[in-house]
Amino acid sequence: MNLTKKIRDLDVRGFIYLALIVIIMILALVYFDAIIKFIMTMLDVFMPVFIGVILAFIFNMPMNLYETHLPIKNDKVRNRVAAVLSIITVLLFVVVILIAVIPQIIENMNNFIANSSNFINNIEPIVEDILIQLDLLADMMASIESYEADITNTIFTGASNRIPNIIDYLTSLSTGVIDLFIGLIMSFYILLSRDMLFRQIGKLSKALFKPKQYDWLCDFVALVAVTFGDFIFGQVIEGVIIGVMCYIGCLILNIPYGLICSLVIGVTNVIPYFGPIIGAIVDFLIIFLVDPFQAIVFLIFSTCLQQFECNLIYPHVVGGAIGLSPLWVLFAVSIGGGLFGIPGMVLGLPTFSVIYELVRRWTNSRLAKQETEL
């Protein structure tokens, strides 16, 4: 009798859960636009908090090193000193890079614009001769003259229509700067209160979840933190190494715009799999406007450099944090990029790595349980 009642109660509870899920899905489909708008509004409201958490996650890496090596016995004082030193270290690194790179970028961009003008002036007679040979010059000039007024009106009309967009862009830019500043301050206080926050979140989790669920949650958070931390740190280190090696190679091979090309290679290398290809194509087009032969030389050099990176640097610097085969790497980057663009391409790989590890653990657990039942 009791067993029958339990089964009946279980069926009723399952039906209620299923009905609630169906109702929630229907409401989500009906009010999809309103839900997306609400989510975007909440993202804008909590953006300083998100920035603060991300910055605190980044600052926490050097902070752990400082806490380990600082000869300060008082834990609270060591925590504060390590937090300040970690923020100063990261900001100082960024400032030094900007001071060293920006003047070179400006100079290279000026040279690039001048060389682009020379390239256009040199290629213009060639194009004109081709049009004359094909008897298309007269038709081309007539088409240009006929559309000249329309093109001018389109440019002015587009410019006037773009003024509200420019104002919105400047407003968004100023809001972003303010959010970044607030997030930087918030990250400092997160670092100072890191241990207290962990204790509070731990107490709340213990109160909400059963012991087994709490242990799984702690394991999951640790897996995510280690995977993302090692991946991001490894990608940044790898990008710096490849950028420096590319710059040295450009100096040796006397390739123009070596600094800009190295920066492009270093930054795009953060994107797994597709990043090196994108960087090489962009650099090839930049160099091609000045010296086509050197552009081909750079393409060969960058291909050799990427092979060196894939076979020697990546497995030691990043590979341990991911542990995925090339097939799953390509799958994760493609899906992440298709859903969320470049951020999805960068973060899709560690996200899929976490999912892959969870599925692997669940599969092994199920197989072990099945073996014990036999």
Test of understanding: clusters of I, L, V, M, F, W, Y form through side-chain heavy atoms closer than 4.5 Å, transitively. Do Val240 and Leu65 belong to the same one? no
Indicate yes or no for a side-chain donor-acceptor contact from Asp219 to the backbone of Asp215 under 3.5 Å, with no hydrogens or angles considered. no
Using side-chain heavy atoms (C-beta onward) and a distance below 4.5 Å, is Val77 in contact with Arg80? no
Can you tell me how far CZ of Arg361 sits from CG of Leu223, rounded to the nearest 0.5 angstrom? 5.0 Å
Quick check: is Ile201 connected to Trp216 through a chain of hydrophobic side chains (ILVMFWY, heavy atoms under 4.5 Å apart)? no
What heavy-atom pair brings Leu191 and Ala56 nearest, and what distance separates the two atoms? CD2-O, 3.6 Å
Any side-chain heavy-atom pair from Leu253 and Val297 closer than 4.5 angstrom? yes
I'd like to know whether CZ of Phe50 has more than 12 heavy-atom contacts from other residues, nucleotides or ligands below 6.0 angstrom. yes
To the nearest 0.5 Å, what is the distance between SG on Cys246 and CG on Leu251? 9.5 Å
Using the rule that two of Ile, Leu, Val, Met, Phe, Trp, Tyr join whenever any of their side-chain heavy atoms come within less than 4.5 Å, decide whether Phe188 and Ile88 are in one cluster. yes
Path from Val267 to Ile278 over hydrophobic side-chain contacts below 4.5 Å: no
Starting at CH2 of Trp362, measure out to CG of Asn364 and round the result to the nearest 0.5 Å. 11.0 Å
Does any part of the side chain of Lys206, heavy atoms only, come nearer than 4.5 Å to the side chain of Lys203, both counted from C-beta? no
Take Ser302 and Asp283, measure what side-chain contact (heavy atoms from CB on, under 4.5 Å) needs, and give me the verdict at the end. CA-CA 10 Å; Ser302 64; Asp283 288 343; over 6 Å; no
Go through Gln200 and Leu197 one step at a time and tell me if the side-chain contact (heavy atoms from CB on, under 4.5 Å) criterion holds. CA-CA 5 Å; Gln200 291 176 343; Leu197 289 174; 4.0 Å; yes
Keeping the roles fixed (side chain from Gln294, backbone from Asn254), state whether a donor-acceptor pair exists under 3.5 Å. yes
List the atom of Asp179, the atom of Pro48, and the distance in Å for their closest heavy-atom pair. OD1-CG, 3.5 Å
Can you get from Phe198 to Val224 by hopping between Ile, Leu, Val, Met, Phe, Trp and Tyr side chains that sit under 4.5 Å apart? no
Would you name the heavy atoms of Gly52 and Ser187 that are closest together and state the gap between them? O-CB, 3.3 Å
Check: Ser86 and Thr89 side chains under 4.5 Å, non-hydrogen atoms: no
Does any part of the side chain of Met47, heavy atoms only, come nearer than 4.5 Å to the side chain of Ile182, both counted from C-beta? no
Quick one, Val81 with Leu70, criterion side-chain contact (heavy atoms from CB on, under 4.5 Å). Give me CA distance, side-chain angles, the key distance, then yes/no. CA-CA 9 Å; Val81 174; Leu70 281 176; 3.8 Å; yes
Please report the interatomic distance OG1(Thr351) to CZ(Phe228), rounded to the nearest 0.5 Å. 3.5 Å
So which heavy atom on Ser353 is nearest to which on Thr227, and how close? OG-CG2, 3.9 Å
Within the 4.5 Å heavy-atom criterion, are Gln306 and Thr303 side-chain neighbours or not? no
For Leu217 against Ser205, the heavy-atom pair lying closest together: CD2-OG, 4.1 Å
Got Leu358 and Phe220 here, is their nearest side-chain heavy-atom distance under 4.5 Å? yes
Please report the closest heavy-atom contact between Arg78 and Lys73, naming both atoms and the distance. NH1-O, 3.6 Å
Can you tell me how far CG of Leu299 sits from CD1 of Ile255, rounded to the nearest 0.5 angstrom? 10.0 Å
In Å and rounded to the nearest 0.5 Å, what is the CG to CE distance from Asn79 to Met63? 4.0 Å
Taking side chain as C-beta onward, heavy atoms only, is Phe298 less than 4.5 Å from Ile265? yes
